[in-house]
Structures are given as C-alpha cells and as structure tokens.
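Numbering starts at 1 and runs along the sequence shown.
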Amino acid sequence: MSLEETYAVLLDPAAPLDARLRDLYKLKESALKTEEGVSILIKCIDRTDSVLLQHEVVYNIGQSGQLCAIPALEKVLKNEKVNDDGKPVQYDTVTRHEAAEALGAIGGANARTTLEYYYKEENESEAAIRESCALALARIYMEVEKGKEALQIPNNCPYVSVDPTPAFNEKTVKVADLSDLQTAHHLSSTNSTHAIPAVPTTVSELETILLDTENQYSIIQRYMAMFTLRNIATKEAVAVLCRALRQDTRSALFRHEVAFVLGQLEHKSSEAALVECLRDEKEHAMVRHEAAEALGAIAEDSSLAVLQEYAAHPEPIVRDSCIVALEMHKYWSNFNQTAIASKE
C-alpha cells in the first residue's frame with residue numbers, strides 16, 4: 001500500500017475533521033521527516049476548508065525540517081491559492097502565519113526573500129504575519145551566525161518541538177534584538193530599545209521581558225523569554241505565562257504562542273487563565289483556538305463543560321479547536337486513568 005493510500009482519510013475532503021486529524025497525528029508519528037510524508041501534507045493543504053486542519057498541517061510541515069517543502073510554504077504565505085475554476089482564493093491569516101513560522105523552522109537561506117518581503121510593514125498589513133516573518137528571519141539569522149547548536153533545546157528539556165525562537169542562551173542573547181540584522185527593512189513594532197547583555201535565568205528577570213507592553217523589548221526577545229520560562233516549568237513560571245496570556249496588549253500572535261506553551265506544560269494551575277481566554281469574545285480567534293487545545297491537553301474534568309459549550313461556537317476555528325480538544329481530553333483522561341491504575 002502506498003503512503004497516499006495509507007493516509008487516504010487525511011486527503012479526503014469529505015472525511016470528518018476529527019478522523020482527518022487522527023490520520024495527521026498518525027503520519028506525524030511515522031513519516032513526518034520524510035519527503036514522501038511531507039508530500040502528503042502538502043497535498044492536504046488545499047483539500048480542506050478547515051482553517052484548523054490547514055494550520056495543523058502547515059505546522060507539521062515546518063516541524064519536518066524538509067527543504068523540499070519551502071515552495072509550498074511560500075505559496076501559502078504569498079496567498080497563491082486558486083480553486084478548481086482557476087479563481088484566486090484567500091488563505092486565512094492563521095494559515096499564512098503558520099507558513100511563515102514553518103519557513104523559519106526549516107531554516108536555510110532559500111526562504112529569506114519571501115520572508116523579507118512580507119516583513120516590510122508597507123507590504124503587509126496583517127500584524128500576525130509581519131511578526132511571524134520577523135521571528136522566522138531572526139531564527140534563520142541566529143542559525144547562520146551562531147550555528148544550529150544555538151537553536152537546540154537543552155538536553156534536560158522534555159519538549160521536542162522546533163520552536164519559533166530558542167530559549168535564551170549565551171550564543172543568542174546578544175543577537176536577539178536584531179540590532180544588526182542586515183535583511184531588515186525596518187524593525188517597526190518588532191524593534192527593541194533594550195539590549196539584553198547577559199542571559200536572564202530567573203523567573204523575575206524573564207517576567208520583566210515577557211510582560212513588557214511598552215515596546216522596550218522586541219517580540220523576538222519576548223518569545224525567547226517565553227520558551228525559557230517553559231523550560232524552567234515551575235509553578236511560578238506558569239503563573240507568569242498565565243499573566244502574559246491575559247495581560248498582554250501588544251500582540252495576538254504572542255498571546256497565541258503563550259497559550260500553545262501552556263498546553264505543552266499541561267499544568268493544572270493554568271486552567272483558569274485558559275478558560276477565561278477561550279470565553280473572551282474580544283480575544284483574537286487564533287489565541288482562543290490555542291487556549292482550547294491547551295485545555296484539551298491538560299484534560300481536567302473541570303474544563304470539559306466549557307469545551308462542550310464552545311464546540312458549537314460560530315467562529316469556525318474556535319469551534320473546531322474545541323471539538324479537537326474534546327477528543328484530546330478524552331484521550332488524555334483515559335491515558336492518565338490507565339497510568340494510575342497500573343501503579344495500584
């Protein structure tokens with residue numbers, strides 16, 4: 001059986017969303033880091049109207065590290081989609097931002113021109129896309145200047161994702177402000193006025209950077225603070241991330257990544273902030289979507305009712321995320337119960 005036949009459900013536009021996502025996760029475990037596996041994901045991008053599924057597919061393409069995916073990702077970022085009649089169709093902002101992030105995750109110099117173009121404010125009004133391009137350019141720049149090892153997750157860190165930025169370390173802290181990033185047209189809202197001369201290691205130091213709402217630190221520096229706090233993973237660090245989720249006023253993209261990180265941490269103490277975020281009708285849908293999935297990963301019984309309630313929400317990505325989160329909730333609840341029973 002060919003790989004395309006193996007993942008026929010993922011490629012079937014008529015298949016239920018939850019079934020297609022299960023197929024995606026199965027591919028992720030078996031064939032993600034192969035050209036053939038990535039070719040399946042690329043085909044899937046235009047075989048769904050679900051922004052959630054598109055977003056998940058594009059994210060996983062970025063995680064693959066396959067250079068062959070760069071043209072497809074550039075097509076999404078450039079909005080070069082056509083329907084069966086040959087008419088142009090817009091990709092959603094959430095999908096396009098994920099394509100920019102994926103280009104940064106794959107790395108290499110090939111994607112720089114496209115990222116630079118959409119980084120320029122006069123050419124792109126979508127803040128989330130512009131910021132995603134800034135982060136991607138910064139990641140590529142750090143790799144070129146400091147080597148791939150500077151971007152690696154610490155040996156004792158349990159998280160295996162390819163992140164938009166590294167945590168702070170000795171090699172990257174002095175380039176995190178992009179002060180000498182030659183490819184930048186101008187830094188605009190991503191610029192910083194505060195250099196960080198030494199690696200911040202305490203929760204207090206990182207909190208100052210993370211919770212900055214006065215443009216003293218760049219979004220790149222704030223992302224690096226975020227991932228450093230994730231790696232610390234104490235209850236105190238989680239509390240600071242929760243404050244960032246609800247108190248930040250600068251960037252929906254930043255808040256959406258905070259919610260993603262809280263989902264990685266799976267700490268019960270973040271549940272209240274995530275529920276508040278999901279219920280917030282003034283919050284950007286991309287942030288609420290990540291909050292829903294984080295609640296599914298944490299899998300507390302107390303969050304079940306709110307996920308069920310918002311699984312009927314009129315905003316598609318919020319609704320779909322809650323449906324997926326309910327599946328995650330069920331899986332992790334069963335997994336945890338099994339783990340507890342095995343210890344008795």
Side-chain angles (χ1 to χ4, degrees), residues 59 62 77 93-94 96-105 111-112 115-143 145 150-151 161-169 172-196 199-200 205-231 240-241 243-262 277 283-284 286-287 290:
Y59 169 78
L77 180 55
T93 296
V94 174
R96 294 179 66 208
H97 117 74
E98 201 64 62
E101 187 175 296
L103 288 167
R112 274 185 173 178
L115 288 166
E116 287 165 8
Y117 180 85
Y118 286 97
Y119 174 60
K120 297 175 184 178
E121 188 176 12
E122 72 270 27
N123 290 329
E124 180 51 65
S125 60
E126 287 280 6
I129 296 172
R130 188 172 67 251
E131 290 169 348
S132 296
C133 290
L135 289 160
L137 285 168
R139 195 179 194 283
I140 292 170
Y141 176 73
M142 289 180 195
E143 180 180 344
E145 291 296 311
L151 303 177
S161 53
V162 181
D163 300 320
T165 70
F168 282 117
N169 60 57
T172 59
V173 66
K174 291 184 180 180
V175 297
D177 63 351
L178 294 186
S179 59
D180 56 349
L181 179 54
Q182 298 301 313
T183 57
H185 176 74
H186 59 75
L187 294 178
S188 186
S189 63
T190 64
N191 197 13
S192 65
T193 57
H194 281 47
I196 302 174
V199 178
E205 289 173 320
L206 293 161
E207 179 178 16
T208 299
I209 301 167
L210 193 80
L211 298 184
D212 169 47
T213 58
E214 298 179 358
N215 295 324
Q216 293 184 332
Y217 297 99
S218 71
I219 193 169
I220 294 99
Q221 292 167 320
R222 296 177 78 206
Y223 261 61
M224 293 174 76
M226 181 197 316
F227 289 113
T228 307
L229 285 164
R230 180 200 64 184
N231 295 350
V240 172
L241 289 165
R243 286 199 289 278
L245 177 65
R246 298 306 296 143
Q247 294 176 16
D248 174 70
T249 57
R250 285 178 60 185
S251 169
L253 182 76
F254 171 81
R255 295 192 299 278
H256 118 287
E257 196 71 29
V258 172
F260 174 81
V261 163
L262 289 171
C277 177
E283 181 56 276
H284 197 292
M286 72 189 301
V287 185
E290 289 291 359

Does any non-hydrogen side-chain atom of [Y] lie less than 4.5 Å from one of [X]?
X	Y	answer
L115	L77	yes
M224	V173	no
T165	R139	no
Y117	C133	no
F168	I196	yes
R255	E283	yes
I129	L253	no

Looking only at heavy atoms, which two atoms of V287 and A259 are closest? And how far apart?
O-CB, 4.2 Å

Who are the side-chain hydrogen bond (donor to acceptor under 3.5 Å, both in side chains) partners of R246, not counting sequence neighbours?
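With sequence neighbours excluded, R246 shows a side-chain hydrogen bond (donor to acceptor under 3.5 Å, both in side chains) to E276, D280, given in chain and number order.
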
Which residues pass the side-chain hydrogen bond (donor to acceptor under 3.5 Å, both in side chains) test with E205, not counting sequence neighbours?
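Counting only residues at least two positions away or on another chain, E205 forms a side-chain hydrogen bond (donor to acceptor under 3.5 Å, both in side chains) with T202.
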
Tell me every residue that passes side chain to side chain contact (heavy atoms under 4.5 Å, CB included) with A244, counting only those two or more places apart in sequence or in another chain.
L210, L211, F254, V258

Checking T208 now: which residues fulfil side chain to side chain contact (heavy atoms under 4.5 Å, CB included) with it, not counting sequence neighbours?
Y217

Which value, rounded to the nearest 0.5 Å, describes the distance between [X] atom [atom1] and [Y] atom [atom2]?
X	Y	atom1	atom2	result
S218	I209	OG	CD1	9.5 Å
I220	Y141	CD1	OH	12.0 Å
Q221	Q216	CD	CD	10.5 Å
L135	R130	CG	CZ	12.0 Å
E290	H284	CD	NE2	12.0 Å
I219	M226	CD1	CE	7.5 Å

Distance to the ring centre below 6.0 angstrom and angle to the axis at most 45 degrees; does that hold for R96 and Y118?
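Ring-cation test returns yes.
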
Go through R230 and D163 one step at a time and tell me if the side-chain contact (heavy atoms from CB on, under 4.5 Å) criterion holds.
CA-CA 11 Å; R230 180 200 64 184; D163 300 320; 2.9 Å; yes

Hydrogens and angles aside, do N231 and T228 bring a side-chain donor and acceptor to less than 3.5 Å of each other?
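Looking only at side-chain atoms, T228 and N231 do not form any donor-acceptor pair under 3.5 Å.
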
Taking only residues two or more places apart in sequence, or in another chain, which ones meet [X] in a salt bridge (Lys or Arg N to Asp or Glu O under 4.0 Å)?
X	value
E143	none
D212	R250
R222	D248

Without placing hydrogens or testing angles, list every side-chain donor-acceptor pair under 3.5 Å for residues 97-105, not counting sequence neighbours.
{"unit_1": "H97", "atom_1": "ND1", "unit_2": "S132", "atom_2": "OG", "d": "2.9"}
{"unit_1": "H97", "atom_1": "NE2", "unit_2": "H256", "atom_2": "NE2", "d": "3.3"}
{"unit_1": "E98", "atom_1": "OE1", "unit_2": "H55", "atom_2": "NE2", "d": "3.0"}

Stepwise side-chain contact (heavy atoms from CB on, under 4.5 Å) check, V240 with L206:
CA-CA 9 Å; V240 172; L206 293 161; over 6 Å; no

